[in-house]
There are 2 protein chains.
Amino acid sequence: MSDDPVRDRTDDIMCATYRALCRHGHADLTMQDIADEWSKSKAALHYHYDTKRGLLLAFLEHLFESYTDCVTDPGEGDATDRLGALIDDALDPPGTAANRELRTALFEIRACAPHDDEFRARLERFDRYLHDEIERIVTEGVEAGVFRSDVDPETTATLLVTLVDGGHSRRIVLGDDGGVHTAIRAAIGDRLAGGIG
Amino acid sequence: MSDDPVRDRTDDIMCATYRALCRHGHADLTMQDIADEWSKSKAALHYHYDTKRGLLLAFLEHLFESYTDCVTDPGEGDATDRLGALIDDALDPPGTAANRELRTALFEIRACAPHDDEFRARLERFDRYLHDEIERIVTEGVEAGVFRSDVDPETTATLLVTLVDGGHSRRIVLGDDGGVHTAIRAAIGDRLAGGIG
DNA sequence: TTTTGCTGACTGACCGGTCAGTTAGCCTGT
DNA sequence: ACAGGCTAACTGACCGGTCAGTCAGCAAAA
């Protein structure tokens, strides 16, 4: 792959962790599962990462980079279209196979946050990133006159991030979409264009 | 307490489970923890509930009853006020001490849903109940002319339930409110009164 | 006497983490 | 060219601890 064997190996381990998480979920994930996906021994994994927790924290950082690559303001076109595309990507990050499994695993990992500040800090970054992307698009949309002039970008961003969070939660718990997309589009319509969807 | 010793004992176990969940969270919850709160042995717990999973499923049913008692359409007053009160209760079910701990534990339990249909079914009931309560209030509000006539109660209910779910998720992961209440009130304003909060 | 409710001791499985030892590759002095 | 020394990476066996669930037996109620 690259000319950096250390980087290659780290990528291998992250990919193995990804596959193991999709296959087993977070609750049932063992170091052995990850080692199996990596086709190396469990001890080799502990050679590179002292603890399971450390490995998972590293994985979250790795995932955040992919996330900011996939879920990003397209930067061109109407603010309405950009916002719509961003939200769609946030609900269904593209470019990753086994999407549903990964979302499920990430959802399980969120349950660690209340008990572990380092996990919480990593997960906060995902939310804050999306919040800021939305806020920027809304601000620009208001300035360009595409959106109503009386919307508050900050409140709007919080509203939409909360909806995306809730959407993930509902889709995972209820198992299907359940009208989440429709509801979010309706909320955007209410707020930014003053229409009712 | 009551004159039904079986019912009393069941209540005792449910209360013990509640306290153990608040104290340890779901991820770290053991049968021993619940037995300790109950001041009986772990084997006694297994005498009444064959498996830990069975006990937890029973607990979810028990909790659903409390939920429908606490979180309910007040039935009197303006539809706007009733909806606001319902949403407030849904975000912070009253009448239970250690509220934050219980919400956290319930959030952790949600992570079981993708892997266990019986857990999913129990959790779906919470969402569906809230959805239907909201939908009814919105429908009545539209009929009474309090809300705009062009809102769709079904979509609105999905929107608000998703927001409440997302609100719980954000409060637990981020640790504080983070403007969720404000955002939800703004969304209600957008949709039902056509104003901007 | 039988049933109900319970206890303490126990089992079996699992899992994170450790450790002694092996292998492959690389540098260095001769 | 090559022997010796060193290190990074890895393996297989193992340890300590945890936890759900079991079981034989005891006490009190019915």
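Source: prediction; values computed, not measured. Reminder, nothing fancy here: chain letters follow the sequence lines and each chain counts from 1.
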In whole angstrom, give the distance that lies between atom NE2 of B/H46 and atom C1' of C/dC10.
13 Å
Which whole-number value in Å describes the distance from B/D12 CG to C/dG5 P?
14 Å
Here the distance between atom C1' of D/dT18 and atom CG of B/D33, to the nearest Å, is 12 Å
At under 4.0 Å between heavy atoms, what does B/L29 touch on the DNA or RNA strands: base, sugar-phosphate, or nothing?
sugar-phosphate
Would you indicate what A/K42 reaches in the nucleic acid, counting non-hydrogen atoms under 4.0 angstrom: base, sugar-phosphate, or nothing?
base
Should B/Y47 be listed as having a side-chain N or O under 4.0 Å from OP1 or OP2 of C/dG5?
yes
Under 4.5 Å between any side-chain heavy atoms of A/L174 and B/R128, yes or no?
no
Please report, rounded to the nearest Å, how far the P atom of D/dT22 is from the CG atom of B/L45.
13 Å
Nearest-nucleotide check on DNA chain C, A/A43 vs A/T30; residue mapping nearer the 5' end is A/T30
May I ask you to verify if any side-chain N or O of B/H48 is less than 4.0 angstrom from the OP1 or OP2 atom of C/dC6?
yes
Nearest heavy atom decides the nucleotide; on that basis, is B/V6 or A/Q32 closer to the 5' end of DNA chain C?
B/V6
Can you tell me the distance, in whole Å, between the CE atom of B/M31 and the P atom of C/dT11?
20 Å
Would you call the rings of A/F126 and A/F64 parallel, tilted or perpendicular if under 30° counts as parallel and over 60° as perpendicular?
perpendicular
Starting at atom CG of A/D8, determine the distance to atom C1' of D/dA9, rounded to an integer number of angstrom.
15 Å
Would you confirm whether A/R170, through its side chain, and A/G179, through its main-chain N or O, come within 3.5 Å as a donor-acceptor pair?
no
Quick one: label A/S41 by what it contacts on the DNA or RNA (base, sugar-phosphate, nothing), any heavy atom closer than 4.0 Å.
base
Whole-Å distance, B/H26 NE2 to D/dA20 P, equals 10 Å
Does A/T17 reach the side chain of A/L56, with side-chain heavy atoms less than 4.5 Å apart?
yes
Between B/T68 and B/E65, is there a donor-acceptor pair closer than 3.5 Å when you use the side chain of the first and the backbone of the second?
yes
Provide, to the nearest angstrom, the distance between the NZ atom belonging to B/K52 and the P atom belonging to D/dA20.
4 Å
